[in-house]
Novice: 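Please see the structure below; I have some questions.
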Amino acid sequence: AREEGWGNLVVFDPSMLERAMNLMHIEMDLYRALERDEFFLVYQPIVNITCRRITGFEALVRWNHPDKGTVSPTEFIPISEGTGQIMHIGKWVLMDACQTMARWRETYPEFEDMVVSVNLSARQLSQPGMVEQVAEVLRETALPPQCLRLEVTETMLMGNPEFANMTLARLKELGVKLCIDDFGTGYSSLSYLQAFPIDTLKVDRSFVGKMSREPGNFKIVQAVVALAHSLGLEVVAEGVEEEEQRIMLSELRCESGQGFLFSRPVPGDEVPNLVFAALEA
Ligand code: C2E
Ligand code: CA
Ligand code: CA
Ligand code: CA
């Protein structure tokens, strides 16, 4: 305990130290994680909301930590953003997702029109050479560019909208698809939304999750779908957990959905069977 002002005693909270130590350990362990091949991707289906057909997958990174087991990206992605390690992790994610999708396409005709979505972090998007990196990965994996969708958030774009717009335009020229993730949770400007060369809006799961119970959230989803369509964009609703939500979204003419109702994220080796099972259903 230490003294703060006269008679004002602040008790040191040991859990604070624990948290700080934990962060430090994760940071150190992250340096070795790539070399030791501790990252892997899981894939969550994105489906046509009306017929439930799988149209693609979002690649989500996991860390198989030697002691902690599987660590969530919400824990290590922000840390790796701070240290800059995200550059290496992000490059690995992009390469692995494209390689895997290219392999599935070569092996199974069912994958011909499928799209793999990859999340970009703020630092990755502003990194010089980002566009070249994507071009190189596409060349090396021979994945057709229209089979890759990059997800960025509004907040990432609004920091420096002119630069972001230029980068997105160059990515668009490569032929990849672009998506705004978590739409509705960040700060964004509608005039920029119209100017950015994007194809898809992803409605955040905080709205989708409550749309069947709270009329306010239903109205937000309704408005986002209408806005997207008026700008010529497709809509993916994330966090679809209930059949009721699926029906409401389908009635709103939302194109696609993603969520536990359809499937949890699964390891890559389970993906082909998931696709075959969905086709038989
Ligand atoms: P996100 O991009 O919004 O990804 C969707 C998250 O929602 C995933 O969590 C997914 O498992 C979860 N989810 C999917 N369906 C449902 C559902 O029906 N209900 C609920 N409650 N949750 C659902 P995950 O995999 O833990 O990823 C969390 C976040 O970590 C992602 O949010 C994304 O921002 C970040 N992330 C994941 N992988 C990467 C990556 O490779 N690179 C970067 N930069 N960020 C990543
Ligand atoms: Ca995402
Ligand atoms: Ca999202
Ligand atoms: Ca989210």
Side-chain angles (χ1 to χ4, degrees), residues 30 33-34 38-47 49 52 54 56-64 69-101 115-127 130 133-134 137 148-157 177-186 188 198-212 221 224 235-246 249 256-268 274:
L30 269 173
L34 264 181
E38 289 171 358
F39 294 112
F40 64 99
L41 296 181
V42 291
Y43 295 87
Q44 187 174 35
I46 297 173
V47 308
I49 199 90
R52 288 169 167 258
I54 299 177
F57 294 89
E58 179 174 4
L60 296 157
V61 69
R62 297 289 180 266
W63 179 14
N64 182 16
T70 304
V71 185
S72 153
T74 54
E75 208 171 327
F76 68 87
I77 292 287
I79 300 174
S80 71
E81 277 256 337
T83 60
Q85 288 157 314
I86 186 65
M87 303 301 189
H88 305 290
I89 301 173
K91 189 175 183 188
W92 179 86
V93 168
L94 187 66
M95 182 57 100
D96 205 61
C98 291
Q99 236 164 22
T100 304
M101 186 50 95
V115 175
V116 68
S117 296
V118 172
N119 293 285
L120 293 187
S121 79
R123 256 180 103 152
Q124 261 180 300
L125 188 72
S126 57
Q127 164 193 22
M130 176 63 211
Q133 187 183 102
V134 174
V137 167
L148 173 65
R149 180 155 66 196
L150 299 171
E151 300 195 355
V152 298
T153 65
E154 306 159 85
T155 313
M156 277 162 60
L157 301 178
K177 295 185 171 158
L178 300 170
C179 166
I180 296 201
D181 200 359
D182 301 341
F183 187 75
T185 59
S188 74
I198 48 174
D199 317 272
T200 313
L201 278 193
K202 230 175 178 182
V203 192
D204 192 70
R205 69 165 186 262
S206 57
F207 306 115
V208 176
K210 287 178 281 186
M211 71 183 290
S212 48
V221 176
V224 170
V235 188
V236 179
E238 67 177 15
V240 183
E241 294 181 353
E242 300 159 2
E243 176 64 10
E244 196 183 347
Q245 293 158 357
R246 188 191 70 78
L249 289 161
S256 311
Q258 181 180 352
F260 297 164
L261 174 68
F262 310 111
S263 168
R264 303 223 161 217
V266 300
L274 204 70

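Remember, it's 1-based here, ligands and their atoms both numbered in the order they're listed.
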Novice: Checking one value in my table: which N/O/S atom of Glu58 lies closest to the Ca ion (ligand 2)?
Specialist: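 The nearest such atom is OE2.
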Novice: Measuring from the heavy atoms of Gly239, does anything fall under 4.0 Å of ligand 1?
Specialist: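 Gly239 counts as a contact of ligand 1 under the 4.0 Å cut-off.
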Novice: Does some side-chain heavy atom of Glu238 sit less than 4.5 Å from a side-chain heavy atom of Ile46?
Specialist: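 Not touching, per the 4.5 Å side-chain cut-off.
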Novice: Hey, is Arg264 touching ligand 1 through its side chain, its backbone, both or neither, going by heavy atoms under 4.0 Å?
Specialist: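 Looking at Arg264 and ligand 1, no heavy atom falls under 4.0 Å.
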Novice: Start with the C-alpha gap between Thr155 and Thr153, add the side-chain angles, then the distance that decides, and say whether side-chain hydrogen bond (donor to acceptor under 3.5 Å, both in side chains) holds.
Specialist: CA-CA 5 Å; Thr155 313; Thr153 65; 4.6 Å; no
Novice: By number and element, which atoms of ligand 1 are closer than 4.0 Å to a non-hydrogen atom of Glu241?
Specialist: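 Listed by number with element: 17 (C), 18 (O), 19 (N), 20 (C), 21 (N).
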Novice: Regarding ligand 1, does Thr74 bring an N or O atom to under 3.5 Å of one of the ligand's N or O atoms?
Specialist: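 No, there is no polar N/O contact under 3.5 Å.
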Novice: Looking only at heavy atoms, is any part of Leu41 under 4.0 Å from ligand 1, and if so is it the side chain, the backbone, or both, or is it neither?
Specialist: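 For Leu41, there is no contact with ligand 1 at all, from either part.
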Novice: To 10 degrees, how wide is the angle OD1 (Asp182) to the Ca ion (ligand 3) to OE2 (Glu238)?
Specialist: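 Once rounded, the angle between the two atoms at the Ca ion (ligand 3) is 80°.
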Novice: Please compare Leu120, Val240, Asn119, Leu261 and report which has the shortest non-hydrogen distance to atom 46 (C) of ligand 1.
Specialist: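 Minimum heavy-atom distance to atom 46 (C) of ligand 1 goes to Asn119.
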Novice: State whether the side chain of Glu242 and the backbone N or O of Leu261 hold a donor-acceptor pair below 3.5 Å, judged by distance alone.
Specialist: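 Side chain of Glu242 to backbone of Leu261, a donor-acceptor pair under 3.5 Å: no, none is there.
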Novice: Under a 3.5 Å distance rule, please check whether Glu151 uses its side chain to pair with a backbone N or O of Asp181 as donor and acceptor.
Specialist: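 Not confirmed, Glu151 side chain does not pair with Asp181 backbone.
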Novice: From atom 23 (C) of ligand 1, work out which of Trp92, Phe39, Phe260, Phe262 has a heavy atom at the shortest distance.
Specialist: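 When every heavy atom of Trp92, Phe39, Phe260, Phe262 is considered, Phe260 comes closest to atom 23 (C) of ligand 1.
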Novice: Could you identify the N, O or S atom of Glu151 positioned closest to the Ca ion (ligand 2)?
Specialist: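 Restricting Glu151 to its N, O and S atoms, the minimum distance to the Ca ion (ligand 2) goes to OE1.
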Novice: Can you tell me if an N/O/S atom from Asp181 lies under 3.0 Å from the Ca ion (ligand 2)?
Specialist: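 Short answer: yes, at least one N, O or S atom is under the cut-off.
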Novice: Under 4.0 Å from any heavy atom of Glu58, which atoms of ligand 1 are there?
Specialist: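 This gives 2 (O), 4 (O) as the contact atoms.
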Novice: Is there side-chain contact between Val116 and Tyr43, with at least one heavy-atom pair below 4.5 Å?
Specialist: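 Yes, at least one pair of side-chain atoms sits under 4.5 Å.
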Novice: Show the atoms of ligand 1 that are less than 4.0 angstrom away from any heavy atom in Val93.
Specialist: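 Going through ligand 1 atom by atom, the ones under 4.0 Å from Val93 are 41 (O).
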Novice: Judged on heavy-atom distance to atom 6 (C) of ligand 1, which of Arg205, Glu242, Lys202, Gln258 sits nearest?
Specialist: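 Selected option, by shortest heavy-atom distance: Arg205.
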Novice: Are Pro73 and Leu60 side-chain neighbours, meaning at least one heavy-atom pair lies under 4.5 Å?
Specialist: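 Side chain of Pro73 against side chain of Leu60, heavy atoms only: no contact under 4.5 Å found.
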Novice: Under 4.0 Å from any heavy atom of Glu238, which atoms of ligand 1 are there?
Specialist: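 Answer for ligand 1: 3 (O).
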Novice: Are any of the side-chain heavy atoms of Leu30 and Ile89 separated by less than 4.5 Å?
Specialist: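 In short, these two side chains touch, coming nearer than 4.5 Å.
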Novice: Is the Ca ion (ligand 2) under 3.0 Å from any N, O or S atom of Ser117?
Specialist: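 Looking at Ser117, which is the residue asked about, there is no N, O or S atom under 3.0 Å from the Ca ion (ligand 2).
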Novice: Are any of the side-chain heavy atoms of Leu274 and Ser263 separated by less than 4.5 Å?
Specialist: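 Side chain of Leu274 against side chain of Ser263, heavy atoms only: contact under 4.5 Å found.
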Novice: Is there a donor-acceptor contact under 3.5 Å from the side chain of Glu241 to the main chain of Gly209?
Specialist: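 It does not hold such a pair.
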Novice: Looking at Ser212, is its backbone amide N or carbonyl O close enough to the side chain of Gln245 to form a donor-acceptor pair, meaning the two atoms are under 3.5 Å apart?
Specialist: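 Not a single qualifying donor-acceptor pair exists.
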Novice: Take Ile54 and Phe262 through the side-chain contact (heavy atoms from CB on, under 4.5 Å) test and state the conclusion after the steps.
Specialist: CA-CA 9 Å; Ile54 299 177; Phe262 310 111; over 6 Å; no
Novice: Kindly compute the distance separating OG (Ser126) from CG (Leu157), expressed to the nearest 0.5 Å.
Specialist: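 Result: 11.0 Å between the selected atoms.
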Novice: What atoms of ligand 1 come within less than 4.0 Å of a heavy atom belonging to Pro265?
Specialist: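 That gives atoms 11 (O) of ligand 1.
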Novice: At a 4.0 Å threshold, what atoms of ligand 1 neighbour a non-hydrogen atom of Asp182?
Specialist: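 Answer for ligand 1: 3 (O).
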Novice: Please compare Pro73, Ser263, Pro45, Pro78 and report which has the shortest non-hydrogen distance to atom 35 (C) of ligand 1.
Specialist: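 That would be Pro73.
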